[in-house]
Amino acid sequence: MTLLARLASDVRLMFRRPPRQQYGAICYRVKKKSGDVEVLLVTSRDTGRWVIPKGWPMEGKCAHEVAAQEALEEAGVRGAIETETLGAYTYPKVLRDGVQVICKVQVYALEVTDMAKNFKEKGERAIEWVSFDEAASRVREPELRHLFLAFKQKMADRLSAKAVKQTPVAKRISAK
């Protein structure tokens, strides 16, 4: 490696920043009649692409609490937020000053139990309930796509385990 190439490499390393941390929520609901699971997508305010509610850390709040707060502010949804992360994804974000940074979003599941009529960013974003597969096809970030599909499997496992628990023992035995 030439001295010039090594200096260029060192300079690039000096200016490389670690990803900026954000927290987000995959908001979901189980339809009562069909048992189908839907997830919530919102549009970003700047580009209009489909994303999940997410935001920057907040002083005094745990990561999962920030995810729940962002879901309320951006989509008007409240519910039970899980404290264990589903995973994370990265994406490039252009800041107000024009600088592009990489953000890493730690994602939590939020089961929606209530939707507010009025919320902070109402009218600034489109909101839509869709299937896991539809959500995965709409988002641009491959890692977020993977999180939707992995969560789809996790929910299918949860719901089938719940159905088995609710089936009377005598009925399960006679079915064998």
Side-chain angles (χ1 to χ4, degrees), residues 19-58 61-94 101-166:
R20 305 262 180 108
Q21 185 67 59
Q22 290 189 313
Y23 305 107
I26 290 182
C27 305
Y28 71 96
R29 65 184 181 189
V30 181
K31 294 174 95 178
K32 286 184 174 79
K33 288 184 180 177
S34 65
D36 292 340
V37 180
E38 293 180 314
V39 290
L40 183 74
L41 290 178
V42 298
T43 54
S44 66
R45 289 188 293 186
D46 52 353
T47 64
R49 73 187 193 288
W50 290 106
V51 296
I52 61 172
K54 64 186 173 309
W56 304 106
M58 296 176 188
K61 288 192 186 259
C62 296
H64 65 278
E65 293 171 325
V66 172
Q69 181 67 37
E70 292 297 332
L72 177 60
E73 290 177 9
E74 294 181 10
V77 295
R78 292 184 192 93
I81 188 87
E82 294 183 13
T83 58
E84 191 175 312
T85 182
L86 292 172
Y89 72 97
T90 56
Y91 76 100
K93 179 173 184 64
V94 178
V101 297
I102 298 297
C103 292
K104 180 179 181 182
V105 184
Q106 203 167 306
V107 180
Y108 297 86
L110 185 145
E111 183 175 11
V112 175
T113 56
D114 183 47
M115 293 187 69
K117 288 192 190 312
N118 293 303
F119 50 95
K120 188 175 182 181
E121 296 181 19
K122 183 177 183 176
E124 297 178 32
R125 302 172 183 273
I127 298 168
E128 198 169 328
W129 288 99
V130 297
S131 69
F132 283 110
D133 293 335
E134 180 65 23
S137 74
R138 287 192 192 185
V139 297
R140 288 186 190 163
E141 301 80 8
E143 296 163 308
L144 181 55
R145 234 178 253 134
H146 174 74
L147 286 175
F148 274 118
L149 297 175
F151 189 52
K152 174 185 178 180
Q153 184 59 54
K154 187 175 185 175
M155 285 303 297
D157 295 345
R158 277 186 195 173
L159 293 172
S160 65
K162 187 177 178 181
V164 168
K165 284 182 183 176
Q166 292 176 345

> Can you name the nearest heavy-atom pair linking Lys31 to Ser34, along with the distance?
Replying inline: CB-OG, 3.6 Å
> For the residue pair Leu110 and Ala71, what are the closest heavy atoms and their distance?
Replying inline: CD1-CB, 4.2 Å
>> Tell me the closest heavy-atom pair linking Ala135 and Val39, and the distance in Å.
In response: CB-CG2, 3.6 Å
> Can you tell me how far CZ of Phe119 sits from NZ of Lys117, rounded to the nearest 0.5 angstrom?
Replying inline: 12.0 Å
>> Using salt bridge (charged side-chain N to carboxylate O under 4.0 Å, His left out), reason through Arg158 and Glu111 one step at a time and then give a plain yes or no.
In response: CA-CA 13 Å; Arg158 277 186 195 173; Glu111 183 175 11; over 6 Å; no
> Hey, is the main chain of Ser131 close enough, under 3.5 Å, to the side chain of Glu134 for a donor-acceptor pair?
Replying inline: no
>> What verdict does the side chain to side chain contact (heavy atoms under 4.5 Å, CB included) test give for Leu40 and Val112, after you've listed the backbone C-alpha separation in whole Å, the side-chain angles of each residue and the deciding distance to 0.1 Å?
In response: CA-CA 9 Å; Leu40 183 74; Val112 175; 5.7 Å; no
> Between Glu82 and Tyr108, which heavy-atom pair has the shortest distance, and what is it?
Replying inline: O-CD2, 3.4 Å
>> Between Glu121 and Ala75 (side chain of the first, backbone of the second, donor and acceptor by atom type, cut-off under 3.5 Å), is there such a pair?
In response: no
>> Could you tell me if the side chain of Val94 sits less than 4.5 Å from the side chain of Asp46, heavy atoms only?
In response: no
>> I'd like to know if Arg49 pairs up with Glu141 as an ion pair, taking the criterion as any Lys NZ or Arg NE/NH1/NH2 lying under 4.0 Å from an Asp or Glu carboxylate oxygen.
In response: yes
> Hey, is NZ on Lys154 packed in by over 12 heavy atoms from elsewhere, all under 6.0 Å?
Replying inline: yes
>> I need the minimum non-hydrogen distance between Phe148 and Phe132, along with the two atoms involved.
In response: O-CD2, 3.4 Å
>> For a quick test of reading the model, state the closest non-hydrogen atom pair linking Ala116 to Arg78 and the distance between them.
In response: CB-NH1, 3.9 Å
> About how many Å separate SG of Cys103 and NZ of Lys93, when rounded to the nearest 0.5 Å?
Replying inline: 6.5 Å
> For the atom pair OH (Tyr89) and CD (Gln22), what is the distance rounded to the nearest 0.5 Å?
Replying inline: 7.5 Å
> What is the distance from atom OH of Tyr91 to atom CD1 of Ile102, rounded to the nearest 0.5 Å?
Replying inline: 10.0 Å
> Does Thr43 reach the main-chain N or O of Ala126 with its side chain, forming a donor-acceptor pair under 3.5 Å?
Replying inline: yes
>> Between Gln21 and Tyr23, is there a side-chain donor-acceptor contact under 3.5 Å, judged purely by atom types and distance?
In response: no
> About how many Å separate CG of Leu41 and CH2 of Trp129, when rounded to the nearest 0.5 Å?
Replying inline: 10.0 Å
>> Exactly one of Glu74, Glu73, Glu70 should register a salt bridge (charged side-chain N to carboxylate O under 4.0 Å, His left out) with Arg125. Which one does?
In response: Glu74
> Between atom CD1 of Ile127 and atom CE of Met115, what is the distance when rounded to the nearest 0.5 Å?
Replying inline: 6.0 Å
>> Would the distance check show the side chain of Arg145 and the main-chain N or O of Val139 forming a donor-acceptor pair, the cut-off being under 3.5 Å?
In response: yes
> Does any non-hydrogen side-chain atom of Asp133 lie less than 4.5 Å from one of Leu149?
Replying inline: yes
